[in-house]
**Student:** 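Take this structure, written in structure tokens, and hold onto it; I'll ask about it next.
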Amino acid sequence: MIELKFGQRKVVTFRGARKVVGGLTEKNKIDILLYISKEFANADKEEDLYDIVISLCKDIFECDNTTLRMWKERFLDPVRFFKETEPPRRKLSQDEGYSGFTFKTRMPLLIQDLSHHPEYIDEGESTRAIMCVPIMYKEECLGTIAVESDTEFFYREDDLEILEALGSQLALAITSVRLIQGLVLANEREAQILKQLEWDMRMGRNVQSQIVETRILAWNGLHFGTHYEPMTEVSGDYFNVVRQGNSITAIIVDVSGHGIPAALVTMSIHYQFQRCTSLGMGLGEMLAELGESIRPQLPDGTYFTAFVLKVYSDYTYSYVNAAHQKMLHFHSSTGRVEELDTAGVPLGIFEVERNNFEEKHGRILPGDILFLPTDGIVEQKNEARQELGNQRFIEWIRQEKATIEEQRDKIFIEDLVGSLIGRFKRFKGDMRTGDDVSLLALQCNPELGKARSVLSLAKAAAKSKKDQMAYEKALEVFSMDESLKDSLLLLGKMYYRDRNFEKGVQFMEKYVRTSGEESEHIQYLLGRAYYELGNISEAKKALKRSLAIDHTYAKSSLRLARCYLKENETAKAIKVLQQGVKSAPTNEYLKISLKKLEELVRKKGAEDAAERAAV
């Protein structure tokens, strides 16, 4: 095992809130993730992988127990756990416990105090804080990993992110093991060798596809086109777009080398990029953190280049290049293609810091397009041994754009990317592809200026309580571009106010999904709307999400209690209100509601006792 040195984590109360102090440093966490990748690569049996997971979870999270369940014959079978429990571990259906919930929903789960969620545990269990994540490849769930503590509030959101990363790497490792087992089986069964090898390698690619999203939803008038083509079954290229409400951050990366080693590095980069964006790091700081957190564990001779771009709600953008291909900005008004670059160094070769990277700025206007390629495109050679090159690719952009504009609607970025890749393949002919090929492109809606003007009229009409005009203008904006977050939020709130809850849910859900912005109030409105529609299950999910964002939000506690009362779960309703009073002790509505509900329960208990005595 890797040697770790860290202070014991403790749960303390600070300013009325429970929080964890101590535990692993960020460097410890990255060291562990990279170390487990190497350990998984050396394992040749799934059982060995199970043992590694249990051991690592114990070291990383200082847990009282860890349970690894694999889906076998319609049940989640506890194949490994740190210690037996009382009552003993048992097989679960997908409708039982927190493991069943995670398996069924394919979503990670963090519960700080299971005493408030008795539906997730067997009677008599002492577990209080849990994290549970699915083990996924593509759309299939292989099982779950649950990390458990007998102490409430023992884990944090970044702990859950680490466990998610561990689960993803386990899925990739299982793929590699199955590949090896498939090769052994193929040697014994020569007739099946090609079929088995193809299936195993395809499954490895499916696992990596979990972290490279090739169909990216539009954001606030920006529309995306992508191409992702590994040279082998798995790739050393990586790109991602993270939504943060009022901005998006995009990254494209090229890891030196190919195959499984490069793919494992991309998984570590994926985790680090998600962490850095969630912490609100600047672009230069983010690249320095990526380089320094991953460099110590990179295989000899391995490095990576990266380009990061941040676009804001006013359509200005910032960018930093770490020795990657230049970004291309097609200016729609002039037809000019600008090559954008900054001073920067590759990552993973030597120690870097923030001042090793220069940050520059620009603005994307309606109709403009940004292209972020990897060098697998421009360095490709044709049968005459001629390299494609940047200038030839830029000329292709002009030519293909002009052709498509005559045949397509104004938002055509996916078609343009497809045409460019088609031309790339014709250029290389029968020549072998020399590298992984990836392209991320962003097009600003050409009608954005008009849409924003109409949206201003809609907002003004709503403010003046000219409801009919407000609806007409907001829906006109929606017809021009369904991704503009201000129009989605305006429509969602107006429909909610007018008690058209079905429409309100439709627009608020789309707002959360496309913008990436969440708040306790939006989740409360969603929960309330679902409640009014009679969809109590979805109402509870939204209200629980609201309380996860802000556990002091009293409106969500009150409405969640109503949901449980609707299901005749009085005990759960009381627990929700009790927790609400603890979180917001000055809120009188919570206190009054809790008191009334407890009095009703006592009164009903007395009446039931009298009735039994009379009988």
Side-chain angles (χ1 to χ4, degrees), residues 2-6 24-42 56 59-60 158-159 161-173 176 207-208 210-212 234-240 242 249-309 320-324 344-357 374-375 436 438:
I2 190 170
E3 182 181 356
L4 297 176
K5 296 181 180 179
F6 51 87
L24 294 172
T25 66
E26 294 301 331
K27 184 179 185 304
N28 291 148
K29 295 171 186 175
I30 303 306
D31 287 345
I32 283 292
L33 288 174
L34 291 169
Y35 179 79
I36 197 170
S37 297
K38 292 184 178 181
E39 287 292 291
F40 283 163
N42 293 327
L56 262 293
D59 286 344
I60 296 171
D158 58 346
D159 292 321
E161 291 174 3
I162 294 167
L163 189 60
E164 285 184 79
L166 192 151
S168 296
Q169 293 202 39
L170 175 60
L172 184 59
S176 300
V207 172
Q208 192 182 34
Q210 294 178 66
I211 66 168
V212 179
V234 288
S235 175
D237 283 0
Y238 166 76
F239 57 76
N240 195 7
V242 173
T249 304
I251 188 171
I252 188 162
V253 170
D254 186 356
V255 179
S256 63
H258 308 286
I260 291 292
L264 288 173
V265 175
T266 66
M267 296 194 73
S268 295
I269 293 171
H270 172 72
Y271 164 74
Q272 270 297 334
F273 175 64
Q274 299 279 54
R275 186 182 70 86
C276 290
T277 53
S278 68
L279 292 174
M281 289 186 181
L283 300 186
E285 181 184 10
M286 182 185 300
L287 286 176
E289 180 67 18
L290 282 174
E292 286 311 288
S293 59
I294 294 173
R295 178 175 59 88
Q297 300 297 329
L298 286 175
D300 290 342
T302 301
Y303 65 94
F304 60 99
T305 65
F307 195 108
V308 287
L309 165 72
V320 177
N321 192 4
H324 194 77
V345 296
L347 303 168
I349 299 177
F350 49 81
E351 184 177 348
V352 295
E353 54 188 34
R354 183 176 179 176
N355 60 17
N356 289 123
F357 305 99
T374 55
D375 59 12
D436 301 318
S438 298

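For this chain, numbers begin at 1 and follow the sequence in order. What you see is a predicted model; the values in this text were computed from it and never measured.
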**Student:** Are the side chains of M286 and T277 in touch, meaning some heavy atoms are under 4.5 Å apart?
**Tutor:** yes
**Student:** How about T305 and D375: do any of their side-chain heavy atoms sit closer than 4.5 Å?
**Tutor:**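 They are not in side-chain contact.
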**Student:** Looking at residues at least two apart in the chain, or sitting in another chain, which of them share a side chain to side chain donor-acceptor pair (under 3.5 Å) with T249?
**Tutor:**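 For T249, the residues satisfying side chain to side chain donor-acceptor pair (under 3.5 Å) (neighbours in sequence not counted) are Q244.
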**Student:** Quick one: side chain to side chain donor-acceptor pair (under 3.5 Å) partners of E353, sequence neighbours excluded?
**Tutor:**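 N355.
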**Student:** State which residue, out of D254, V308, V253, fulfils the side chain to side chain contact (heavy atoms under 4.5 Å, CB included) condition with H324.
**Tutor:**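 Answer to the side chain to side chain contact (heavy atoms under 4.5 Å, CB included) test with H324 among D254, V308, V253: D254.
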**Student:** Would you please name every residue forming a side chain to side chain donor-acceptor pair (under 3.5 Å) with N321, sequence neighbours left out?
**Tutor:**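 Side chain to side chain donor-acceptor pair (under 3.5 Å) check on N321 returns D341.
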**Student:** State which residues pass side chain to side chain contact (heavy atoms under 4.5 Å, CB included) with A165; sequence neighbours excluded, sorted by chain then number.
**Tutor:** L33, Y271
**Student:** With no hydrogens and no angle check, do the side chains of D237 and T374 hold a donor and an acceptor under 3.5 Å apart?
**Tutor:** yes
**Student:** Looking only at heavy atoms, which two atoms of V320 and G284 are closest? And how far apart?
**Tutor:**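 Heavy atoms of V320 and G284 come nearest at CG2-N, 4.1 Å.
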**Student:** Which heavy atom of A306 sits nearest to which heavy atom of L287, and what is that distance?
**Tutor:** CB-CD2, 3.9 Å
**Student:** Report the residues that fulfil side chain to side chain contact (heavy atoms under 4.5 Å, CB included) with T302, sequence neighbours left out, ordered by chain and then residue number.
**Tutor:**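 With neighbours one apart ignored, the set is V255, S256, L298, P299.
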**Student:** Determine whether more than 12 heavy atoms belonging to other residues, nucleotides or ligands lie under 6.0 Å from atom CZ of R354.
**Tutor:**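 No - once you tally the heavy atoms of other residues, nucleotides and ligands closer than 6.0 Å, there are 12 at most.
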**Student:** Are any non-hydrogen side-chain atoms of L347 and I294 less than 4.5 angstrom apart?
**Tutor:** no
**Student:** Enter the distance from L283:CG to I251:CD1 here, rounded to the nearest 0.5 Å.
**Tutor:** 9.5 Å
**Student:** With a 4.5 Å heavy-atom cut-off, do Q274 and E161 have their side chains touching?
**Tutor:** no
**Student:** First locate atom CG of D158, then atom CD of E164, and finally report the distance between them rounded to the nearest 0.5 Å.
**Tutor:** 11.5 Å
**Student:** Which value, rounded to the nearest 0.5 Å, describes the distance between S268 atom OG and Q297 atom CD?
**Tutor:** 9.0 Å
**Student:** Grab the two heavy atoms, one from F273 and one from A250, that are nearest each other, plus how far apart they are.
**Tutor:** CZ-C, 4.4 Å
**Student:** With sequence neighbours left out, what residues match N240 under side chain to side chain donor-acceptor pair (under 3.5 Å)?
**Tutor:** Y238
**Student:** So, for F357 and G344, which heavy atoms are closest and what is the spacing to 0.1 Å?
**Tutor:**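 Result for this residue pair: CD2-CA, 4.0 Å.
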